[in-house]
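Working notes for the structure below.
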Amino acid sequence: MLIAQLSDPHLCAPGTLYQGLVDSNAMFEAAIERLATLDPAPDLVLLTGDVTEHAAAAEYQLARRLLAGIRQPVLAIPGNHDEREAFRAAFADRGYLPATGPLHFAVGRHGPVRVIGLDISVPGQHHGDFDAATAAWLEAALAAEPERPTLIMLHQPPIETGIGFIDAYRCFGGERLAAIVARYPAVERVLCGHVHRHMSLRFGGSLLQIAPSTTTAIALRLAPGAEPASFVEPPALLLHHWRAEPGVVTHHVPINSGEGPLPFF
């Protein structure tokens, strides 16, 4: 099973720029075009939050129009720039979001790998929280099929990345999540966005991976007290390839595929 992961498009109202500087809409369209060139094609596409920049109606309308160009099923979770009820309304017809409450879901109908989406957003805030209620929901969802290969997706990573100015807005309660993941070895990956950089870390006996954004990259500034900044680095998506053995292999796929193919390897 092939599962593509896009993240953090930060779609803006048509005709406007992300942060007044970058055409995030055009960059997301380019990501969708790149997705369509993958051979074999993914079976499923994940979108790990910050679908929009301001959670405005025009932005969600654009999101619906662009996502309609993806021929595979798409499973999306909200990020801190989204708004829960606007997100629910925008994607209600896709059939996997609950009618009320946090936008958690467990979907297993698209292949052998089950995908669990967690809504760890805190309304009006930029950090996330894996609280006791979310923990109870996740434990029940995992226990329903404890041996099924599973990906868990949430927006803010439940770890400190070392980039202090983004770590302040991480998902709190990460130790609680790690303890649950450790009890279910079938969890192949914990997938996040938010940081706009590709990172990997052992987590709860599994592997946590953060996808790059389809737009800008958060500056890699590991010095304590570093000033926040971003760069327009080459955007990318992640492609998770599941097989019974060895499990999931993850590929970093640039949106601009570069020069090639060349007659050597």
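Nothing here was measured: the structure is a model prediction, and the numbers come from that model.
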Without swapping roles, check the side chain of [X] against the backbone of [Y] for a donor-acceptor pair under 3.5 Å.
X	Y	answer
E59	A56	yes
Q19	L21	no
R88	G101	yes

**Asked** Would you say the ring centroid of H10 lies under 6.0 angstrom from that of Y18?
**Response**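 Yes: the rings meet the under 6.0 Å criterion.
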**Asked** Is the gap between the ring centers of H81 and H126 under 6.0 Å?
**Response** yes
Heavy atoms only: give me the nearest [X]-[Y] pair and the separation to one decimal.
X	Y	answer
P78	L103	CG-CD1, 3.9 Å
A106	I116	CB-CG1, 4.0 Å
A236	P212	O-CG, 3.5 Å
T216	H196	O-ND1, 2.9 Å
R221	A229	NH1-CB, 3.5 Å

**Request:** Name all pairs fulfilling the salt bridge (charged side-chain N to carboxylate O under 4.0 Å, His left out) condition that reach into residues 157-179, sequence neighbours left out, sorted by first residue then second.
**Result:** E160-R170
**Message:** If we count only N and O atoms by modelled type, under 3.5 Å, do the side chains of N80 and H194 hold a donor and an acceptor together?
**Reply:**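 Distance-only check passes for N80 and H194.
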**Asked** Would you say the side-chain atoms of Q125 and Y169 include a donor-acceptor pair closer than 3.5 Å?
**Response** no
**Message:** Is there a continuous path of hydrophobic side-chain contacts, each under 4.5 Å between heavy atoms, that joins V107 to L142?
**Reply:** no
**Request:** Say whether L238 and V45 are linked into one hydrophobic cluster, either directly or through other cluster members, by side-chain heavy-atom distances under 4.5 angstrom.
**Result:** no
**Request:** Give the ring-plane orientation class for H198 versus H252, where under 30° counts as parallel, over 60° as perpendicular and anything between as tilted.
**Result:** parallel
**Geometric class of the H104/W137 ring pair [parallel <30°, tilted 30-60°, perpendicular >60°]** = tilted
**Message:** Counting only heavy atoms not in F165 (residues, nucleotides, ligands), do more than 12 fall under 6.0 Å from its CZ?
**Reply:** yes
**Item:** Residue among Q5, Q209, Q156 satisfying side chain to side chain donor-acceptor pair (under 3.5 Å) with T48
**Value:**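 The option that passes is Q5.
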